[in-house]
Amino acid sequence: MVFAPHPDDEVFGCAGAIIQTVRSGASIQVLVFTDGCAHLEGQAKQDMKALREHESCISAQRMGCPEPQFLGFEDRKLCDVPGLKDIIRTKIEAFNPDLLFFPSFWEIHPDHRALCFATLEVAKEGFHGITSDLVLMQYEVGSPMLPNFILDITEQKNIKDAAVQAFGSQLKVKSYDGCIDGLNRYRALTLHPKASFAEAYFLLHLKDLDFWIERLNPQETPDLVFLMQEALSKAHLENSQLSQELNQLKFNSIQDRLEMNLLSSKLDSAMRKSTQHRQQFEIVQQSWSWRLTKPMRGLRLFARWIQGRLASLFKCNKEREQ
């Protein structure tokens with residue numbers, strides 16, 4: 001039995017396992033809980049709901065499994081569904097599966113988390129007519145998990161790709177096929193060399209659920225959405241600080257540029273004055289008056305030199321007398 005929060009999660013998360021289950025001859029039932037039509041209203045919502053259900057049916061056909069059952073709850077509001085645990089318990093007891101696939105504890109999307117926690121709570125409370133041999137298989141889609149079971153899906157990858165391509169409405173929004181392909185490639189890292197693609201799961205036997213929950217203690221685990229919001233707030237604050245520093249640098253740069261322009265203007269003015277003075281001096285040097293007074297300037301310099309020498313001699317004689 002496979003629980004999917006939205007039409008496509010059953011394929012993105014565990015198509016390889018579904019295909020292997022079908023080929024083994026086992027019965028399989030897929031339940032899609034929400035319509036996957038958040039932010040749409042009116043006729044557009046109804047059209048998208050019908051399209052997404054149709055895509056899931058085509059995908060199921062390509063995997064060789066029966067068409068999913070669509071419960072049609074509101075997208076992103078699964079946690080508000082009254083009696084969700086009762087619905088989950090009723091579906092499990094009616095089908096009585098050996099394997100139950102559902103989103104992992106590490107998922108971030110609110111519908112994925114709501115379905116995971118509700119399923120875990122129902123499993124912990126127990127079922128009527130369900131033995132302790134039930135195996136819980138948590139799968140990953142939007143957030144990598146800490147797996148304890150890796151399933152080689154190399155031989156099923158082509159069929160999974162075909163099943164993923166059935167969701168054309170979603171692939172137009174984002175290249176989910178590339179994301180899932182990368183995730184499946186990465187998960188094959190620890191398998192044998194011939195394994196190219198794999199799916200990761202957290203496998204948990206029903207009889208071991210209490211022990212696992214006691215060790216993990218989900219009630220004390222920080223809410224991932226809160227952590228994301230806190231990280232975003234911190235990033236926004238850092239971005240604001242960096243913006244202020246950048247603006248200050250721009251302001252300082254403008255001031256430095258103005259001061260540089262002012263100094264450059266002063267330097268140009270000083271160079272122009274220096275050029276003018278040099279030109280005036282050259283004109284004076286070329287004049288007849290400058291040439292005629294040249295001997296007198298020489299005598300004046302000589303007289304200043306004699307005056308200095310006499311002052312020096314007079315000073316020496318005075319010091320000797322003292």
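Along the sequence shown, the residues carry numbers beginning at 1. The shown structure was predicted, so the numbers you read here are calculated from the model rather than taken from an experiment.
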Exercise for the section: For side-chain contact (heavy atoms from CB on, under 4.5 Å), just list the numbers for Leu120 and Phe102, CA-CA rounded to whole Å, side-chain angles, deciding distance to a tenth of an Å, and then say yes or no. Expected result: CA-CA 10 Å; Leu120 287 174; Phe102 59 98; 4.0 Å; yes
Exercise for the section: Tell me, with the steps shown, if Arg272 and Thr275 meet side-chain contact (heavy atoms from CB on, under 4.5 Å). Expected result: CA-CA 5 Å; Arg272 285 195 299 270; Thr275 301; 5.7 Å; no
Practice task
Apply side-chain contact (heavy atoms from CB on, under 4.5 Å) to Gln20 and Leu151, showing your working.
Solution key: CA-CA 10 Å; Gln20 291 189 25; Leu151 179 66; 3.6 Å; yes
Practice task
Take Asp152 and His192 through the test side-chain contact (heavy atoms from CB on, under 4.5 Å) and record every step on the way to the result.
Solution key: CA-CA 9 Å; Asp152 182 6; His192 56 88; 3.1 Å; yes
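By the criterion of side-chain heavy atoms lying less than 4.5 angstrom apart, applied directly or through intervening Ile, Leu, Val, Met, Phe, Trp or Tyr residues, Phe127 is grouped together with Leu115 in one hydrophobic cluster. No single ILVMFWY cluster, assembled from side-chain heavy atoms under 4.5 Å apart, contains both Leu191 and Ile153. Side-chain heavy atoms closer than 4.5 Å link hydrophobic residues (I, L, V, M, F, W, Y) into clusters, and following such links, even through other members, never connects Ile58 to Ile159. Both Trp212 and Leu146 are assigned to one and the same hydrophobic cluster, defined by single-linkage of ILVMFWY side chains at heavy-atom distances under 4.5 Å. Val135 and Phe149 fall within the same hydrophobic cluster, where Ile, Leu, Val, Met, Phe, Trp and Tyr residues are linked whenever their side-chain heavy atoms come under 4.5 Å apart, directly or through other members.
Side-chain contact check for Ile88 versus Phe33: some heavy-atom pair is nearer than 4.5 Å. Using a 4.5 Å heavy-atom cutoff, the side chains of Pro97 and Gln29 are not in contact. Taking the side chain as every heavy atom from C-beta outward, Lys160 and Asn184 approach each other to under 4.5 Å. Proximity of Arg187 to Pro147: side-chain heavy atoms (C-beta onward) are separated by under 4.5 Å at one or more points. Considering only heavy atoms from C-beta on, Phe70 comes within 4.5 Å of Ser56 through its side chain.
Atom-to-atom distance recorded for Ile254:CD1 and Leu249:CG is 11.0 Å, nearest 0.5 angstrom. Remark: Ser264 OG to Glu259 CD distance equals 13.5 Å, nearest 0.5 Å. Atom CD in Glu121 sits 9.5 Å away from atom SG in Cys116 (nearest 0.5 Å). Rounded to the nearest 0.5 angstrom, Leu258 CG and Leu263 CG are separated by 11.0 Å. Here the CG-CG distance, from Leu136 to Leu209, works out to 6.0 Å after rounding to the nearest 0.5 Å. Atom CG of residue Leu246 and atom CD of residue Gln248 lie 10.5 Å apart, to the nearest 0.5 angstrom.
Counted within 6.0 Å of NE2 on His128, heavy atoms from surrounding residues, nucleotides or ligands total 12 or fewer; the atom is thus considered open. The environment of Phe95 atom CZ is dense: over 12 non-hydrogen atoms of other residues, nucleotides or ligands sit within 6.0 angstrom. No more than 12 heavy atoms of other residues, nucleotides or ligands sit less than 6.0 Å from atom CD of Gln61. Within 6.0 Å of atom CG in Asn148, more than 12 heavy atoms from other residues, nucleotides or ligands are found, so the atom counts as buried in its surroundings.
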Residues 38-46 side chain polar contacts: donor-acceptor under 3.5 Å, at least two apart:
from, atom 1, to, atom 2, distance (Å)
Gln43, NE2, Asp47, OD1, 2.8
Lys45, NZ, Glu74, OE1, 2.7
Lys45, NZ, Glu74, OE2, 2.9

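Here the closest heavy-atom approach between residue Val32 and residue Pro7 is recorded as CG1-N, 3.4 Å. Nearest approach of Ala163 to Met63, heavy atoms of both residues: CB-CG, 3.8 Å. Nearest heavy atom pair, residue Ala195 against residue Thr154, reads CA-OG1, 3.5 Å. Across every non-hydrogen atom of Lys77 and Asp111, the tightest pair is N-OD1, 3.3 Å. Of all the heavy atoms in Met145 and Glu140, the pair that sits closest is N-OE1, 3.0 Å. Residues Glu10 and Val2 approach most closely at CB-CG1, 3.9 Å, considering heavy atoms.
For the pairing with Phe202, the ring-ring contact (aromatic ring centres under 6.0 Å, His included) check across Tyr139, Phe105, Trp106 returns one residue only, Trp106. For the side chain to side chain donor-acceptor pair (under 3.5 Å) with Ser169, the lone residue among Arg52, His54, Glu55 that qualifies is Glu55.
Taking the charged nitrogens against the carboxylate oxygens, Lys157 and Asp161 do have a contact shorter than 4.0 Å, which makes a salt bridge.
With hydrogens and angles disregarded, a donor-acceptor distance shorter than 3.5 Å links the side chain of Glu199 to the backbone of Ala17. No side-chain donor-acceptor contact under 3.5 Å links Ser269 to the backbone of Ser265. Glu67 places no side-chain N or O within donor-acceptor distance of the main-chain N or O of Ala60, the cut-off being under 3.5 Å. Counting only distance, with no hydrogens or angles, the side chain of Ser274 and the backbone of Ala270 share no donor-acceptor pair below 3.5 Å. The closest donor-acceptor contact from the side chain of Asp181 to the backbone of Asp177 lies at 3.5 Å or more, if one exists at all.
Between Phe167 and Phe12, the ring planes lie perpendicular to each other; the angle is over 60°, past the 30° to 60° tilted range.
Judged by distance alone, the side chains of His6 and Asp9 do bring a donor and an acceptor atom under 3.5 Å apart.
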